[in-house]
Enquirer: 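There's a structure below that I have some questions on.
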Amino acid sequence: MSDDDQIEIPASFIALYLPPGRLKPTLPRAELTARYELCEDMAQMLTDTARTMEFSLGITEADVLQRVGQGLRGEGAVVSPDEATWVVTRLAELLDWSAPR
């Protein structure tokens with residue numbers, strides 16, 4: 001059994017690659033898994049950065065999430081806009097903050 005078979009990808013991430021009315025994602029399993037791992041790792045790594053931004057800049061949680069989202073969508077972005085939204089939402093979840101709107 002490969003590692004890909006052991007990774008549980010959340011439905012919220014699979015939905016990024018699931019066209020309306022379809023049951024199968026548009027990416028092959030290995031590629032979907034790789035994209036998920038990249039996004040999950042990014043959200044995990046951003047937790048300390050987000051906390052530091054909140055306290056050092058004296059801004060709200062919502063402002064931190066907005067700035068992180070802008071950074072993820074900036075020039076040279078390694079994630080798609082939909083993935084960036086997912087990363088910010090996951091970051092909020094990890095920090096126990098309100099989800100961005």
Side-chain angles (χ1 to χ4, degrees):
M1 180 181 293
S2 73
D3 289 340
D4 289 350
D5 294 333
Q6 296 178 19
I7 295 172
E8 186 172 331
I9 301 172
S12 61
F13 191 83
I14 293 171
L16 301 179
Y17 294 97
L18 201 58
R22 299 236 358 234
L23 299 175
K24 187 175 178 184
T26 56
L27 293 180
R29 173 69 183 190
E31 191 174 342
L32 184 66
T33 300
R35 298 303 303 170
Y36 165 68
E37 287 180 320
L38 171 69
C39 291
E40 177 65 25
D41 288 349
M42 196 169 292
Q44 294 283 342
M45 290 186 306
L46 285 167
T47 56
D48 288 338
T49 301
R51 285 188 185 111
T52 300
M53 286 174 67
E54 178 188 21
F55 294 110
S56 68
L57 300 176
I59 58 177
T60 67
E61 295 169 356
D63 288 338
V64 170
L65 295 173
Q66 180 184 10
R67 289 180 183 205
V68 168
Q70 288 172 336
L72 290 171
R73 291 177 185 88
E75 189 174 326
V78 296
V79 295
S80 71
D82 287 342
E83 289 173 337
T85 299
W86 188 90
V87 169
V88 170
T89 301
R90 178 68 175 132
L91 176 61
E93 184 179 277
L94 291 168
L95 294 170
D96 200 26
W97 292 357
S98 297
R101 295 182 185 149

Enquirer: Any chance you could measure Ser56, atom OG, to Arg51, atom CZ, to the nearest 0.5 Å?
Expert: 13.5 Å
Enquirer: State, to 0.1 Å, how close Thr26 and Pro19 come at their nearest heavy-atom pair, and which atoms those are.
Expert: CG2-CG, 3.4 Å
Enquirer: Determine whether Val79 and Met45 fall in the same hydrophobic cluster, where Ile, Leu, Val, Met, Phe, Trp and Tyr are linked whenever their side-chain heavy atoms lie under 4.5 Å apart.
Expert: no
Enquirer: List for me each residue that meets side chain to side chain contact (heavy atoms under 4.5 Å, CB included) alongside Pro28, sequence neighbours excluded, and say none if there are none.
Expert: Glu31
Enquirer: Quick one: do Leu94 and Met53 end up in the same hydrophobic cluster if we chain Ile, Leu, Val, Met, Phe, Trp and Tyr together by side-chain heavy atoms under 4.5 Å apart?
Expert: no
Enquirer: About how many Å separate CG of Leu46 and OG1 of Thr52, when rounded to the nearest 0.5 Å?
Expert: 11.0 Å
Enquirer: Give the minimum heavy-atom separation between Leu18 and Pro25, together with the two atoms involved.
Expert: CD1-N, 3.5 Å
Enquirer: Do you know which two heavy atoms are closest between Ala50 and Leu91, and how far apart they sit?
Expert: CB-CD2, 4.1 Å
Enquirer: Hey, could you give me the OG1/CD1 distance between Thr33 and Ile9, rounded to the nearest 0.5 Å?
Expert: 3.5 Å
Enquirer: Honestly curious: do Leu57 and Phe55 fall in one hydrophobic cluster under the side-chain, below-4.5 Å linking rule?
Expert: no
Enquirer: Could you give all pairs that pass the salt bridge (charged side-chain N to carboxylate O under 4.0 Å, His left out) test and reach residues 55-67, with sequence neighbours left out?
Expert: none
Enquirer: With salt bridge (charged side-chain N to carboxylate O under 4.0 Å, His left out) as the rule and sequence neighbours excluded, what pairs involving residues 79-91 come up?
Expert: Arg35-Glu83, Glu40-Arg90, Arg90-Glu93
Enquirer: I'd like to check the side chain to side chain donor-acceptor pair (under 3.5 Å) partners of Ser98; sequence neighbours left out, ordered by chain and number.
Expert: none
Enquirer: Hey, could you give me the CG/CD distance between Leu95 and Glu54, rounded to the nearest 0.5 Å?
Expert: 8.5 Å
Enquirer: Test: ring pair (Phe, Tyr, Trp, His ring centres under 6.0 Å). Region: residues 20-46. Which pairs qualify, not counting sequence neighbours?
Expert: Phe13-Tyr36, Tyr36-Trp86
Enquirer: Of the non-hydrogen atoms in Val88 and Gly69, which two are nearest, and what is the gap between them?
Expert: CG2-CA, 3.6 Å
Enquirer: Using the test side chain to side chain contact (heavy atoms under 4.5 Å, CB included), find all partners of Ala92 that sit at least two apart in sequence or belong to another chain.
Expert: Leu65, Trp97, Pro100
